[in-house]
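Step one of this worksheet: look at the structure below.
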Amino acid sequence: MSAAADRGVPSARPGLWQRLRYRVRIALREPTTLIGILAALLFAYLIIVPILSLLVDAGRVQFGDERRIGTEPGAWTFYYISRALFSPVAGNLFWAPLVNTLSVAFGAIGISLAIGGPLAWLVSRTDMFARRWFATALIVPFMLPAWTFALAWTTLFKNRSVGGQLGWFEALGLTPPDWLAYGQVPITIILALNYIPFFILLFGNALRRFDSQLEDSARMLGARSSTVALKIIGPMMLPALMSAIILAFAKCIGEFGVPYVLGLPVNYDLLATGLYRSISSRQTGVAAVLAAAIMLIGIVSLLIDARLVREARKFVTVGNKGAMARQSALGPLRIPATAFAALIFLISVGLPLLTLTLSTVMRVPANFALSNFTLDYWIGTNLETVALRTGILLSPALWSAAFNTLTIVGTASICSGLLGLLVGYVVVRTPLRPLAVFLRQVTFLPYLVPGIAFAAAYLSLFAVQRGPIPALYGTAAILMLALVADQMPYASRAGISAMMQLGKDPEEAAQVSGAGWFRRMVSIVVPIQKGALVTGILLPFISGIKGLSLFVILAVPATDVLTTYSLRLVDYNYTQAANAVVLIIAAIAYFGTLLAQKLTKTNLADGLGS
Amino acid sequence: MPAITLYGARKNYGGSAPDAVSDLDLVIDDGEFMCLLGPSGCGKTTTLRMVAGLEHLSGGRIAVGERVVDCVTSGTFVSPEKRGMGLVFQSYALWPHMTIERNTDFGLRLRKVPRAERQERVEKVMKTLGIEKYRDRYPSQLSGGQQQRVALARMLAVNPDVLLLDEPLSNLDARLRLEMRAELKRLHEEFKTTIVFVTHDQWEAMTLATSIAVMSEGALQQVGTPNDIYERPANRFVAEFVGSPPINIVEMGEGSTNPLAVSARAYFARHHPRLADIGSIGMRPESVAFALDEKAIPDGAFSEKAVVSGVLPTGGSWIIELAAQGAKLFLTTHQPPAISDGDAGWFHIRPETLHVFDAEGVRHAAADTQLRGEVGSTARRATRKVPA
Ligand SMILES: Nc1ncnc2c1ncn2[C@@H]1O[C@H](COP(=O)(O)OP(=O)(O)OP(=O)(O)O)[C@@H](O)[C@H]1O
Ligand SMILES: [Mg+2]
């Protein structure tokens, strides 16, 4: 380059083409962008394609239906939509489950709000006895699979209408009516109990952050307590409360295990179980319509939530510096309040777990004579049950299911943890903004799609061979892929926030010291993010272990995991064995959560709030 | 190590924000101790990061010797890890998961330095910086000043040809800061390392640098020796930014009607009638003197009536505040002043110590020729031209 030319145009701006080439070179100088692009492709395939494929299924003639519809497979049709929504069977297929789902969801949320709201206030802002202990104890149900409680319920209330071992009440001669044993009432109650922790966590967090000084300043102006509650605390808490309600609602819509245990025996269908029924009876098209409906409800409610969160942000600045949470003295109500919390703990944790545990060591229900107790169902041999001749711990089926669980869920969790950190890294570091935005959004997408709908989507995509990808149905691979995709929202959020906190300085310092990309990854980024990585693996592992909806649709006997195994035992009416497996799952989930909290010194509540 | 040259280097962080650094032409010679000086947010860190390769250019190019390391037009970019520079971050950026010793020897390990030599060098640099006591601690267990020394040690251990320092002394107490300054200066002399040092502390710049680059709002204002910068500020910004108490400025533009400006205009008309286009004049506090007796004013000096409005001892020297024709003037003296508040007299200043700026605020070349008897343009002397 000649000196003259150079000095002649000192401030000449490089052309568009030159700038572009320079930026592309810089972007490709390090593997970050390349990895990001590969990850984006992977997630597009694992997340977007299945969802699209499912939606397409709802509008195209499926194999086996060509004669009924009168066109060849693959042609566009409104048949499934009209069958699910307008035909004579539409009531059973869609509308009744929809109404049931909505009434269960509203009922459950109403009850859990009525109980969880006051509890949230009690554990976060009052001088209730044993407040800190309750703060942890009351959220235990959240760490356990919801259908644990459904099984506890059947153990207690099962009546003669359905075969198998009787419930305790029936055994005592008090026949519970059908409405109490099955269907809407128990489902609602159990979901309500399961969502109480949700309110204690989310709403309690907001209450804790609420600055007492705001309350005080109102008091100084002469407002009475009731006025303060109504005019100051109420309006400021409303967004948080609405957000908790909607998040619980979105979860409720896709809930599968509880209605499966308590609804199916009496043909009380929710959308999720209806979807399961359609899939089992090979009505893929109708199943797609149902899955799309669940997805739609999920998406709409989360859009509303996103709006509310934005509203809530406006308030956030209020309680910052000098914020303090003063506790209200309960006075004479201190003992009743504590009793209330204790009662809820008893009903939502103590009683179900005790019932389940006792049921696994009793031959005949509700006979508390010492001779009726036995450890046979755990470690016995030569039992008279046909399909399970040994105690559950001696059964090879349990161990193979446990092994499957460990390998399938374990592999998937390790993958999602690593992918989450990788996504976090790319999102924070790539110079290509659109790539970062896409990755962030695509990994969040599964959050909007309830597990059962997601499983249906996977089934629709991978049931047959497509291009180079063989039919994956029946393999462990499909379960792993679905699990990874299903866990990505949590994993990528954990990764992104960890990388944000790290900042780029430590890495840049290594870079100027002469460390290349891989060296920086190995010596700087991964060691610093060890904690985040462990949680990013452990949390998906726990939720994968207790998860049911993915497995119930995608697993086959060869890929039996603990959850499907216990469900099968339920179907066989081996109550004791089923309950024992569920207790094992609950124990793993509970202690795993504790471990994760210990390792990261975080609270479950923080992870939930994000 | 050859010189580092920035040719029209420009950085825009995107969006509608103005350039963080705009068209920066700068040569940093081999073995130079260059200070980047300027107010907060003027683009010092950005410049340093561009040199290190941590920030890409939006335009222009950077060369190290003959080798272009970053150029938008030709699409060249050498990664930071291949530039062989050392950078001490404003935020230290220590690696939280490594002990102090591991932090310090990381670079040497990367360079595959044999164990014995590595230990020896780490030992030496840790001792120099007084951190050998903390070798087995983690960064979170050190105070801010100690961390800063570790950050420094980490870079010094590899003995880079170019050392980039982003306000490395800002967190140290006064004594330690003095020691570290001496240490840096010694290192510079001993190893002949090229050092680029960012600071917004002018005394630090003055005492350490072999040359100073003053920046403002992303633009280079002047490059020169500390003496140049102080004695011949290239423009109003440099004059006002450097020096404490700040230079006394008298606005002399067309419309200015303040009495001091009127009297200054009269002074120039009588003594230097050929000087035109004077926008303002600056008087360094130490160049200004105060006399109770009009006879003490030297011939040819600019002077005006003034009243003492404050005498502020600063330990060994004094700042005297004057009210001259309604304007406020500061002067400094090292002699115990025999005056007190309310004393009336004259301030005076010798013409060769006046700083004259034109209407745009640029140093008035003709004034330097006339007042100081200097030949040629001061502007050329003040800012070095970038060679091709
Ligand atoms: N990553 C970034 N994105 C956008 N703008 C930035 C970024 N980094 C710096 N800037 C802006 O560029 C300008 C120059 O910043 P820079 O950090 O170089 O200042 P500085 O001279 O080092 O200041 P200080 O003395 O406070 O460290 C500032 O206006 C700053 O806001
Ligand atoms: Mg800076």
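The sequence lines fix the lettering, A, B, ..., with proteins before strands; numbering per chain opens at 1.
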Relative to chain B, which segment of [X] carries a heavy atom at a distance below 4.5 Å: side chain, backbone, both, or neither?
X        : answer
A:Lys504 : side chain
A:Ile26  : side chain
A:Arg520 : side chain
A:Arg25  : side chain

Compare all side-chain heavy atoms of [X] with those of [Y] and state whether any distance is below 4.5 angstrom.
X        : Y        : value
B:Met155 : A:Ser513 : yes
B:Trp95  : A:Glu507 : no
A:Asp505 : B:Gln90  : no

With a cut-off of 6.0 Å (strictly less than), are more than 12 heavy atoms of other residues, nucleotides or ligands near CD of B:Glu217? no
So with a 6.0 Å cut-off around CZ of A:Arg23, is the heavy-atom count from everything else above 12? no
Against chain A, label B:Leu108 side chain, backbone, both or neither, depending on which of its atoms sit under 4.5 Å from a heavy atom there. neither
Contact origin within B:Ser22 toward chain A - heavy atom pairs under 4.5 Å: neither
Quick check on the interface: out of [options], who has the most heavy-atom pairs with chain A under 4.5 Å?
options                             : value
B:Val158, B:Leu94, B:Asp70, B:Val88 : B:Asp70
B:Leu87, B:Val68, B:Leu57, B:Thr76  : B:Leu57
B:Gly53, B:Ala52, B:Ala157, B:Ser79 : B:Ser79

B:His97 side chain vs A:Ser523 backbone, donor-acceptor pair below 3.5 Å: yes
Hey, does the side chain of A:Arg21 reach the backbone of B:Thr73 with a donor-acceptor pair shorter than 3.5 angstrom? yes
State, to 0.1 Å, how close B:Ala93 and A:Ala509 come at their nearest heavy-atom pair, and which atoms those are. O-CB, 3.8 Å
Before you tell me yes or no, could you show the steps for B:Phe106 and A:Arg519 under side chain to side chain contact (heavy atoms under 4.5 Å, CB included), namely the whole-Å CA-CA distance, both residues' side-chain angles and the distance that decides it to 0.1 Å? CA-CA 11 Å; B:Phe106 183 78; A:Arg519 186 60 198 243; 4.3 Å; yes
Kindly indicate, with the supporting measurements, whether the criterion side chain to side chain contact (heavy atoms under 4.5 Å, CB included) is fulfilled by B:Met85 and A:Val512. CA-CA 6 Å; B:Met85 298 178 175; A:Val512 285; 5.8 Å; no
Salt-bridge present (B:Arg49, A:Glu508; N to O < 4.0 Å): yes
In Å, rounded to the nearest 0.5 Å, how long is the span from CZ of A:Arg19 to NE2 of B:His56? 15.5 Å
